[in-house]
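A short write-up of the structure that comes next.
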Amino acid sequence: MEELNIDTICRDLSRMAPAERKAAYEEAGAVIRRGGTVAFPTETVYGLGADAMNEEAVKAIFRAKGRPSDNPLIIHVADEDLEGIVKEIPAVARLLMDRFWPGPLTIIMAKHEGVPDATTAGLPTVGVRMPDQEAARALIRASGRFIAAPSANISGRPSPTTFRRCIQDLNGRVDMILGMDQSRVGLESTIIDVTGPVPELLRPGAVTLEMLKETIGEVLYRPSEAGEEEAPRAPGMKYRHYAPKARVTVYRGQPATVRRRMLAEQKGRTLLIFIGEDAAAPAVPGRSLLILKNAEEAGREIFEILRQADDEGFNEIFIEAVAEVGLGLSLMNRIKKAASYDIVEVIE
Ligand code: TXA
Ligand code: MG
């Protein structure tokens, strides 16, 4: 990856009084207007933003992340005025916006010709999202621009959900980093493409497949599985993602049986992750074991846990599978990718 030597300004919004915060948004908005890069919190994961309509600014995002230029960015907006970024707002998109914006839903629509190719990687379509995070919307408003932003990680690493991880990845590579709390959702937004005859879910997130169907009826979903990654629907899906250094294995089956098996196969530097309200630590002391209550908690924590496991030098991570319904579908989508689809089916 290219060496960059930028003096990064870091601002911790969580420690600021309202007036100070306002000044920080103004400062960050000015950075965006002059074509700079600003990492900022959102409810899903932290994003790395720049003026979506400024080709040079957008290129700086790709440089900072070491991101391949054929992987398009999502445009973030602070209100429903999409004039100048999409050609038109289809009726289904309008329904989705009404129900889920602001929130973790990105809608792919036909792009306006004014959006630079660098932003959409040359595609005729563009993804748009209105984040449900006051700091994110305040930044967009202060900048007076549309902000293109991928997740604020170095390409290939798990998405950052905290200020600290943003700094770890991007200090010296971007102009400014704004920090707030840990991201509430922890998984990247749901992406739905409404440009075809039937809307298609490209990436599951906190707006679930069930919620989408309830709102607009039929929705296509073709989950990617091992070996199927050659022809990805969202260009970014072909890249190895969410991968910690440790080898990740998923264990699937009856919870009690799965957990027994995971404990039996745990060796020296193996971290176990149980997911379930009923999960309990075994009587054996000294186990490296994390217990997460449900898909919500696991979604919020998983990327941070993967990064923490690397920091602590684990070389294996075993994760209990959850049912692929609701948020569980989105969580398992990320976990299976982190595991490169290495799944142990546990039968009695
Ligand atoms: O929650 C999120 O969406 C976060 C925060 C910062 O908003 N952003 C995010 O961006 O996850 P990124 O770039 O890490 O993931 C965007 C995904 C990529 O897989 C990309 O290929 C896909 O969206 N994408 C973007 N524009 C697209 C388009 N026009 N058609 C199909 N896929 C698209
Ligand atoms: Mg990403």
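Both ligands and their constituent atoms are indexed starting at 1 by order of listing. All values reported here derive from a predicted model rather than from experimental measurement.
- At a 3.5 angstrom cut-off on N or O pairs, Glu188 does not count as close to ligand 1.
- Of the possible donor and acceptor atoms, one in the side chain of Arg334 sits under 3.5 Å from a partner among the backbone N and O of Glu188.
- With a 4.0 Å cut-off on non-hydrogen atoms, Ile191 touches ligand 1 through its side chain and not its backbone.
- In the model, Thr44 has a side-chain atom that pairs as donor or acceptor with a side-chain atom of Arg129 under 3.5 Å.
- Among Asp70, Thr125, Asn71, the residue whose heavy atom lies nearest to atom 21 (O) of ligand 1 is Asn71.
- Because the distance cut-off is set at 2.8 Å, Ser159 fails to qualify as a neighbour of the Mg ion (ligand 2), as none of its N, O or S atoms comes that close.
- By the 3.5 Å distance cut-off applied to N or O atoms, Lys65 is not counted among the residues near ligand 1.
- In this structure, Arg67 is part of the shell of residues with a heavy atom less than 4.0 angstrom from ligand 1.
- Electrostatic pairing of Arg157 and Asp310 does not count as a salt bridge here, judged by no charged N lying under 4.0 Å from a carboxylate O.
- The backbone N or O of Met16 sits nowhere less than 3.5 Å from a side-chain atom of Glu20 that would complete a donor-acceptor pair.
- Near Gly47, with a cut-off below 4.0 Å to any heavy atom, the atoms of ligand 1 are 6 (C).
- One option in Ile74, Val115, Asp193, Thr44 has a heavy atom closer to atom 5 (C) of ligand 1 than any other, and that option is Thr44.
- Taking the six-membered ring where the residue is Trp, His76 and Phe40 present perpendicular rings, their angle passing 60° and hence far from 30°.
- The His76 neighbourhood of ligand 1 comprises atoms 5 (C), 6 (C), 7 (O), with distances under 4.0 Å to a heavy atom of that residue.
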Step by step, work out the salt bridge (Lys or Arg N to Asp or Glu O under 4.0 Å) result for Arg94 and Glu80.
-> CA-CA 9 Å; Arg94 185 63 73 185; Glu80 295 195 357; 3.6 Å; yes
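- Near Leu123, meaning under 4.0 Å from any of its heavy atoms, are these atoms of ligand 1: 28 (C), 29 (N), 30 (N).
- Within the 4.0 Å heavy-atom criterion, neither part of Lys111 lies near ligand 1.
- Salt-bridge formation is detected for the pair Arg141/Glu134: a Lys NZ or Arg NE/NH1/NH2 atom is positioned less than 4.0 Å from an Asp or Glu carboxylate oxygen.
- A donor-acceptor pair is defined here as one N or O able to donate and one able to accept, closer than 3.5 Å; no such pair exists between the side chain of Ser340 and the backbone of Asp342.
- For Arg203, a nitrogen or oxygen atom sits less than 3.5 Å from a nitrogen or oxygen atom of ligand 1, counting backbone and side chain alike.
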